Asker: 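Dropping the structure in here first, questions after.
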Amino acid sequence: FLLFSEMPRTVRAGEQALIISKDGRSRIVEGPARIFVWPSEEFFMMRRFSATQQQYIAIKMRDGTLQHYPGPCVKFLNTLTMESVTVQNATALDANEVLVVYRYDDDKKTVSRRIQHGPSVYMPAADEWLHKFVWHGTDPNNKTKKVPGILKFTKLRVIPDQFYYNCEEVRTKDDALLTVKVMMFFEIRDIETMLNQTTDPIGDFINSLQADIIAFASQVTYEEFVESSSKLNQLECYKQLVERTKKVGYEVTKVINRGYHTTDRLQKLQDQAVEKRSKLKVAMDTEQQQQDLTDYKLHNEQQQSAIKQALELDSAKHQYQLQKSQLLHTIKLTNEQQLEVLEREKAKKLSELYSQRAADEEKLAHYANLKKLGVDLTSYFVSQNPKPEHVIKVVATGNGSGSAIHVHP
């Protein structure tokens, strides 16, 4: 505050001044104004506070009450009635963030709770306050270690999230000491259930993870753990974790086994065993590759032999088809030649028959003319054919099986 001596005073536009007389009375002057202060009065310029659209002004009165004024607005500190005036930033929420807001009802003397969802800008009323979460958080020096109470916030994220964690001092059935590294994915399902059932869900998750991993390792030996560690990628191994997350309003979607490590001595033995197994595997792979190469060569030789046989068979078929075609062509030519000979012979025979027929017709015509002239054709034919020198007569006698043939010269 600025204390001025008695003289004319000027209060500019947008300012306010507090004038207090010695009898305790006071008055406020708003600018622009020009006033005179009496020697018995004290003049104070009131401090100005302004808030933007993303802010609000919180005033604590001397009677203990609180007043909140959302911006944009301007307030002046009146020291007679006000204890303090502060400008506070409103809380901006993204679409994946919420606030847990409590409100006191002075009439009913009760406290209610509501969830403020984003996207929004939250400006609390004078009788409202926010829930402050205090959870296990990630150690700044080691992302796989969780420290109680290090994570403090008011805006709760409602999107899927995950964290890394190393479960230390895990003992197997044969008393081998391990550290199992996992990564957990989770998502909130019911905010009200979470608020009612737990104050630190991350701590609950860690305790359940440790319980499930210790229970799994205690049932197997070190060698069995090495062989079956992939089962830690399955949610069936985390019954307590699944049950607890469901009870506090969360859902665990996946747990990934990131590996494990043990004491230096055991780890050295394990590394040696792994190296030995690797060498054996390399030798086995080499032998397998050689066997595969041999099989490949045999397979190629069989394919080449099959191809060669197929080519030879195709060549034989081709030769057979050529010989068949040549033989058919030869048979066709022979048949055509024989048909041509037969046709010539047929034509010759027909010609001879036609000639014989013409000669016979000519003789018949000649004989007919002789008959018309009255010539005895029988005598004519006899005269044309002289009597033979010998005549042989064959006579059959008897009947049936007793018959006989007689030849008479």
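This one's a predicted model, so the numbers in the text were calculated from it and none came from an experiment.
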Asker: With the side chain counted from C-beta on, respond yes when Leu333 and Glu336 share a heavy-atom pair under 4.5 Å apart, and no when they do not.
Answerer: yes
Asker: Give a yes-or-no answer on whether the side chains of Gln291 and Asp295 include a donor-acceptor pair shorter than 3.5 Å.
Answerer: yes
Asker: Working to the nearest 0.5 Å, report the span between CD of Glu224 and OG of Ser229.
Answerer: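 It is 12.5 Å, given to the nearest 0.5 Å.
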Asker: For a 4.5 angstrom cut-off between non-hydrogen side-chain atoms, does Leu156 reach Met194?
Answerer: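 Side-chain contact under 4.5 Å: yes.
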Asker: Can a donor-acceptor pair be found, under 3.5 Å and without considering hydrogens, that links the side chain of Trp135 to the backbone of Thr199?
Answerer: yes
Asker: Evaluate the side-chain proximity of Ile115 to Val100: yes if any heavy-atom separation is below 4.5 Å, no if none is.
Answerer: yes
Asker: For Glu168, does its backbone N or O pair with a side-chain atom of Asn166 as donor and acceptor, under 3.5 Å?
Answerer: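 Checked: no pair found.
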Asker: Atom CD of Gln16 and atom CZ of Phe76: how far apart are they, to the nearest 0.5 Å?
Answerer: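 The CZ atom of Phe76 is 4.5 Å from CD of Gln16, to the nearest 0.5 Å.
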Asker: Are the side chain of Ser305 and the backbone of Glu301 linked by a donor-acceptor contact shorter than 3.5 Å?
Answerer: no
Asker: Could you tell me whether Glu345 and Lys349 have a side-chain N and a carboxylate O separated by less than 4.0 Å?
Answerer: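 No, this pair does not count.
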Asker: Do Tyr250 and Phe205 have their ring centres less than 6.0 Å from each other?
Answerer: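 Yes, the ring centres sit under 6.0 Å apart.
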Asker: Counting distance only, does the side-chain N/O of Asn233 pair as donor-acceptor with the main-chain N or O of Asn257 below 3.5 Å?
Answerer: yes
Asker: Does Tyr296 have more than 12 heavy atoms from other residues, nucleotides or ligands lying within 6.0 Å of its OH?
Answerer: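 Incorrect, the count does not exceed 12.
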Asker: Report the C-alpha distance between Ile213 and Gln210 in whole Å, list the side-chain angles of each, state the deciding distance to 0.1 Å, and finish with yes or no for side chain to side chain contact (heavy atoms under 4.5 Å, CB included).
Answerer: CA-CA 5 Å; Ile213 294 174; Gln210 287 180 327; over 6 Å; no
Asker: Evaluate side chain to side chain contact (heavy atoms under 4.5 Å, CB included) for Val74 paired with Phe49, printing each intermediate quantity in order.
Answerer: CA-CA 6 Å; Val74 175; Phe49 294 87; over 6 Å; no
Asker: Using atom types as modelled and distance alone, determine if a side-chain donor or acceptor of Asp94 lies under 3.5 Å from a backbone N or O of Asn96.
Answerer: no
Asker: Ignoring hydrogens, what is the shortest heavy-atom contact between Ala126 and Leu66? Give both atom names and the distance.
Answerer: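 For Ala126 versus Leu66, the nearest heavy atoms are CB-O, 3.2 Å.
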Asker: With distance as the sole criterion, is a donor-acceptor pair present between the side chains of Asp204 and Thr198 under 3.5 Å?
Answerer: yes
Asker: Please say whether more than 12 non-hydrogen atoms of neighbouring residues, nucleotides or ligands are located less than 6.0 Å from CD in Glu30.
Answerer: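 No, the 6.0 Å shell around CD holds no more than 12 heavy atoms from other groups.
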Asker: Should Phe216 and Asp212 count as side-chain neighbours, where that means a heavy-atom distance under 4.5 Å?
Answerer: no
Asker: Quick one: closest heavy-atom pair of Leu241 and Met184, and the distance?
Answerer: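 Reported closest heavy-atom pair: CD1-CE, 3.9 Å.
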Asker: Which atom names give the shortest non-hydrogen contact between Ala17 and Val11, and what distance separates them?
Answerer: CB-CG2, 3.8 Å
Asker: Between Phe225 and Tyr260, does the ring centroid distance fall short of 6.0 Å?
Answerer: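 Centroid distance Phe225-Tyr260: below 6.0 Å, so yes.
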Asker: Does any non-hydrogen side-chain atom of Arg27 lie less than 4.5 Å from one of Glu41?
Answerer: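 Yes, at least one pair of side-chain atoms sits under 4.5 Å.
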Asker: If you measure from the Lys or Arg side-chain nitrogens to the Asp or Glu carboxylate oxygens, is any gap between Asp105 and Lys109 under 4.0 Å?
Answerer: no
Asker: Quick one: NZ on Lys348 to CG on Leu353, what's the gap to the nearest 0.5 Å?
Answerer: 12.0 Å
Asker: Taking His68 for the side chain and Pro124 for the main chain, is one N or O donor matched with an acceptor at less than 3.5 Å?
Answerer: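 Checked: pair present.
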Asker: Any chance you could lay out the salt bridge (charged side-chain N to carboxylate O under 4.0 Å, His left out) test for Asp285 and Lys281, step after step, and finish with the verdict?
Answerer: CA-CA 6 Å; Asp285 291 341; Lys281 189 175 184 305; 3.2 Å; yes
Asker: Counting N and O atoms only, with roles assigned by atom type, does the side chain of Thr286 sit under 3.5 Å from a partner on the main chain of Val282, one being a donor and the other an acceptor?
Answerer: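 Answer holds: yes.
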Asker: Just by distance, do the side chain of Arg62 and the backbone of Thr79 share a donor-acceptor pair under 3.5 Å?
Answerer: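 Yes, Arg62 side chain to Thr79 backbone: donor-acceptor pair under 3.5 Å.
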Asker: Parallel, tilted or perpendicular: which fits the ring planes of Tyr102 and Trp129, with parallel below 30° and perpendicular above 60°?
Answerer: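 Parallel, since the angle between the ring planes stays under 30°.
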Asker: With rounding to the nearest 0.5 Å, note down the distance linking NE2 in His117 to CD1 in Ile191.
Answerer: 5.5 Å
Asker: Report, as yes or no, whether the 6.0 Å neighbourhood of atom CZ on Arg357 holds more than 12 heavy atoms from other residues, nucleotides or ligands.
Answerer: no
Asker: Check Ser26 against Leu18 and note the closest heavy-atom contact, atom names and distance.
Answerer: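 Heavy-atom minimum between the residues: CB-CD1, 4.1 Å.
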Asker: Is it true that, when you exclude Lys181 itself, more than 12 heavy atoms of the residues, nucleotides or ligands shown sit nearer than 6.0 Å to its NZ?
Answerer: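 More than 12 heavy atoms, drawn from other residues, nucleotides or ligands, come within 6.0 Å of this atom.
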Asker: Scan side-chain atoms only and decide if Ser120 and Gln116 contain a donor-acceptor pair under the 3.5 Å cut-off.
Answerer: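 Yes, Gln116 and Ser120 have a side-chain donor paired with an acceptor closer than 3.5 Å.
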Asker: Charged N to carboxylate O below 4.0 Å: is that the case for Arg189 and Glu187?
Answerer: yes
Asker: How about Asn300 and Gln304: does a side-chain donor come under 3.5 Å of a side-chain acceptor?
Answerer: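 The answer is no; no qualifying pair exists.
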Asker: Does Leu177 offer a backbone N or O that forms a donor-acceptor pair with the side chain of Thr262 under 3.5 Å?
Answerer: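 Flag set: sc Thr262 to bb Leu177 pair under 3.5 Å.
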Asker: If the threshold is 4.0 Å, N to carboxylate O, is there a salt bridge linking Glu243 and Lys239?
Answerer: no
Asker: Going by heavy atoms in the side chains, are Arg114 and Arg103 under 4.5 Å from each other?
Answerer: no
Asker: How about Asn196 and Glu192: does a side-chain donor come under 3.5 Å of a side-chain acceptor?
Answerer: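 No pair is found: no donor N or O on one side chain lies under 3.5 Å from an acceptor on the other.
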Asker: Before giving the answer on side chain to side chain contact (heavy atoms under 4.5 Å, CB included), spell out for Tyr56 and Thr86 the whole-Å C-alpha distance, their side-chain angles and the decisive distance to 0.1 Å.
Answerer: CA-CA 9 Å; Tyr56 66 94; Thr86 58; over 6 Å; no
Asker: Looking at every non-hydrogen atom in both residues, tell me the closest pair between Val158 and Ile188 and how far apart they are.
Answerer: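 Looking at all heavy atoms of both residues, the closest pair is CA-CG2, 3.7 Å.
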Asker: In terms of side-chain geometry, is the basic nitrogen of Asp161 or Arg157 positioned less than 4.0 Å from the acidic oxygen of its partner?
Answerer: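 Yes, Asp161 and Arg157 are salt-bridged.
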Asker: If you count the non-hydrogen atoms of other residues, nucleotides and ligands that lie under 6.0 Å from CZ in Arg25, is the total more than 12?
Answerer: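 At most 12 heavy atoms, drawn from other residues, nucleotides or ligands, come within 6.0 Å of this atom.
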Asker: Let me confirm one number: the CD-CG distance from Glu128 to Leu99, rounded to the nearest 0.5 Å.
Answerer: 10.5 Å
Asker: Give, for atom CD1 of Ile214 and atom CD of Glu169, the distance between the pair rounded to the nearest 0.5 Å.
Answerer: 8.5 Å
Asker: Could you tell me whether Lys75 sits above the aromatic face of Tyr69, with NZ or CZ closer than 6.0 angstrom to the six-membered ring centre and within 45 degrees of the axis?
Answerer: yes
Asker: Determine the minimum heavy-atom distance between Thr193 and Lys247, stating which atoms define it.
Answerer: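 That would be CG2-O, 3.3 Å.
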Asker: Consider only side-chain N and O atoms of Lys173 and Ser218, and report whether a donor and an acceptor are under 3.5 Å apart.
Answerer: no
Asker: Could you tell me whether the side chains of Glu362 and His366 share a donor-acceptor contact shorter than 3.5 Å?
Answerer: no
Asker: Step by step, would you call Phe185 with Ile256 a side chain to side chain contact (heavy atoms under 4.5 Å, CB included)?
Answerer: CA-CA 8 Å; Phe185 295 81; Ile256 296 178; 3.5 Å; yes
Asker: With the side chain counted from C-beta on, respond yes when Ile20 and Phe44 share a heavy-atom pair under 4.5 Å apart, and no when they do not.
Answerer: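 Counting from C-beta outward, Ile20 and Phe44 do come under 4.5 Å.
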Asker: Mind checking whether Phe133 and His131 have ring centres under 6.0 Å apart?
Answerer: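 Distance test on ring centres: under 6.0 Å, yes.
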Asker: Would a 4.5 Å heavy-atom cut-off, applied to side chains only, mark Asn89 and Gln54 as touching?
Answerer: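 Asn89 vs Gln54: side chains apart.
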